[in-house]
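Below is one structure, written out as structure tokens; comments come after it.
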There are 2 protein chains.
Amino acid sequence: MTQTQTNKKYPAKGLSHSNSKIETKVGRPKEFDEDQVLERAMNYFWDHDYDSASLSDLLKAMKISKSSFYQTFSSKQRLFERCLALYAKEQIQWINKQLQHKTAVEILFDILHISISEIKEFGEIRGCLLMNNAEVCYKKYPDLCALIKQQFMQFHETFKTIINNGQQAGNISTYYDASTLSSIFINTLNGLSIMIKAGADKEMIEAVLKGFKQQLQTKQ
Amino acid sequence: MTQTQTNKKYPAKGLSHSNSKIETKVGRPKEFDEDQVLERAMNYFWDHDYDSASLSDLLKAMKISKSSFYQTFSSKQRLFERCLALYAKEQIQWINKQLQHKTAVEILFDILHISISEIKEFGEIRGCLLMNNAEVCYKKYPDLCALIKQQFMQFHETFKTIINNGQQAGNISTYYDASTLSSIFINTLNGLSIMIKAGADKEMIEAVLKGFKQQLQTKQ
DNA sequence: TTTGTTTTGTACTAACTGGTACAAAAATGG
DNA sequence: CCATTTTTGTACCAGTTAGTACAAAACAAA
């Protein structure tokens with residue numbers, strides 16, 4: 001399969017990321033970049049939950065053959081676990097990066113607005129990879145559930161930190177503590193995502209945003 | 001297949017419900033009650049989304065044979081459509097019944113608490129049949145999406161009416177109009193459901209409940 | 001060139017998916 | 001008892017699922 005990396009004799013495997021094996025110079029070289037392929041898989045899973053994403057569809061999205069797939073990723077579940085980890089890592093990195101040039105309130109509303117505006121960009125809402133699969137994996141794939149919970153908690157911590165910053169900077173009310181507001185924010189974000197998937201109109205979306213805005217400023 | 005209705009020569013088909021055909025006295029009589037079997041299917045779908053519920057699992061839950069199934073319900077999708085309709089009808093009926101002996105605030109918090117406490121009763125959270133499938137059906141089954149949206153709007157109207165009652169009775173603040181609060185309530189309820197499926201702990205759940213309680217009373 | 005190592009392509013599997021064909025069974029009306 | 005009508009049981013279908021077996025291909029080291 002012709003690939004971006006085909007002419008490159010040794011793809012940057014093991015050089016950039018900790019989850020790749022150490023590069024060995026023996027044997028036939030891989031015709032693809034493992035990290036790039038993993039990124040493609042993650043993006044596919046983002047739009048198709050674990051069960052809905054069939055292996056053959058995944059392989060097309062990843063642009064590798066079945067034999068290469070099993071050799072590199074062992075199984076569909078193992079691949080998905082790596083995708084979940086990659087997702088959480090990238091998202092949290094992105095969020096933390098925002099802290100350098102935005103206020104806490106700006107970051108939170110940016111996240112809400114980006115989520116909603118995905119409809120225009122992708123033709124559909126993507127939601128959160130974790131949450132999209134929480135539904136499907138619940139009581140069906142305990143191993144995946146445990147991983148989802150673990151990374152969900154990481155997100156909660158991340159938002160808590162941001163909100164705490166905002167409270168110390170005086171942009172966010174201290175009526176609720178940072179942990180409480182982090183839960184409320186996550187609830188708002190996820191609620192919105194599935195409300196939209198269920199067909200919520202603009203007015204309903206605005207209502208929820210208005211409600212959350214008020215909660216960040218409650219003095220009462 | 002031995003059934004509750006086996007000895008009863010003519011099950012009450014067509015007598016009680018509009019969606020059943022008019023009873024004919026010719027031909028071999030059905031060995032099951034259509035409404036009862038539909039109820040079983042609905043309950044099974046409540047715990048297993050449309051894709052996850054395989055036909056063979058459904059048949060076991062419904063306690064009818066494949067031939068009886070296709071004769072009566074035509075296809076898996078048709079069955080599911082009837083289950084969605086039955087769910088919305090029963091739930092909205094239940095909610096409206098509560099209005100007779102409870103305040104609006106009591107009803108809303110009862111719904112929230114019942115949803116959460118399902119964990120203890122069923123060992124897992126069931127969530128809302130509509131919302132559980134909004135995720136799965138989104139961009140995959142347009143017909144089902146349309147039906148979900150339609151009934152989602154019915155729920156929104158129902159909660160709007162209840163909240164309006166509460167506002168006129170003075171139990172709920174009029175800072176937000178009834179429609180806005182209805183959206184906020186649905187958002188809270190659905191957000192909670194998937195947060196719990198993602199592994200949210202007690203503290204996070206309480207945070208969201210606290211936030212919603214405050215929103216019902218905002219004067220600011 | 002041979003040996004060792006790894007990746008890749010092709011072919012296959014068994015189990016499961018929703019759905020159908022058709023004859024036997026069970027009732028009614030004549 | 002027979003014809004008609006409907007339900008039921010049994011057997012089947014093609015397509016898909018995740019996953020495997022194995023040989024051919026592509027490289028490095030000797």
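Labels below follow one simple rule: chain letters A, B, ... track the order of the sequence lines, proteins then strands, and each chain is numbered from 1. None of the values given here were measured: they were computed from a predicted structure.
- Positionally, the nearest nucleotide of DNA chain C for B:Tyr70 lies more toward the 5' end than for the other of B:Tyr70 and B:Arg28.
- Closest to the A:Ser75 side chain, of the nucleotides C:dT17, D:dG19, C:dA27, is D:dG19.
- Spacing between atom CZ of A:Phe69 and atom P of D:dA21 amounts to 16 Å, rounded to whole angstrom units.
- For C:dG9, the OP1/OP2 oxygens have a side-chain nitrogen or oxygen of A:Ser65 closer than 4.0 Å.
- For A:Ser56 and A:Ser67, each mapped to the nucleotide of DNA chain D holding its nearest heavy atom, the one lying further toward the 5' end belongs to A:Ser56.
- The minimum heavy-atom distance linking A:Gly127 with A:Trp46 is given by the pair O-NE1, 2.8 Å.
- With hydrogens and angles ignored, no donor-acceptor pair under 3.5 angstrom links the side chain of A:Lys66 to the base of C:dG9.
- Between the side chains of B:Tyr141 and B:Asp51, at least one donor-acceptor pair of N or O atoms lies under 3.5 Å.
- The base of C:dG19 lies outside donor-acceptor range of the side chain of B:Lys76, with no N or O pair under 3.5 Å.
- Judged by distance alone, the side chain of B:Asn187 and the main-chain N or O of B:Ser183 form no donor-acceptor pair under 3.5 Å.
- In this structure, B:Glu206 does not pair ionically with B:Lys202, as no charged nitrogen and carboxylate oxygen lie closer than 4.0 Å.
- DNA chain D is contacted by both A:Asp57 and A:Ser74; A:Asp57 maps to the nucleotide lying nearer its 5′ end (nearest heavy atom per residue).
- Protein atom NZ of B:Lys30 is 15 Å distant from nucleotide atom P of C:dA27, rounded to whole Å.
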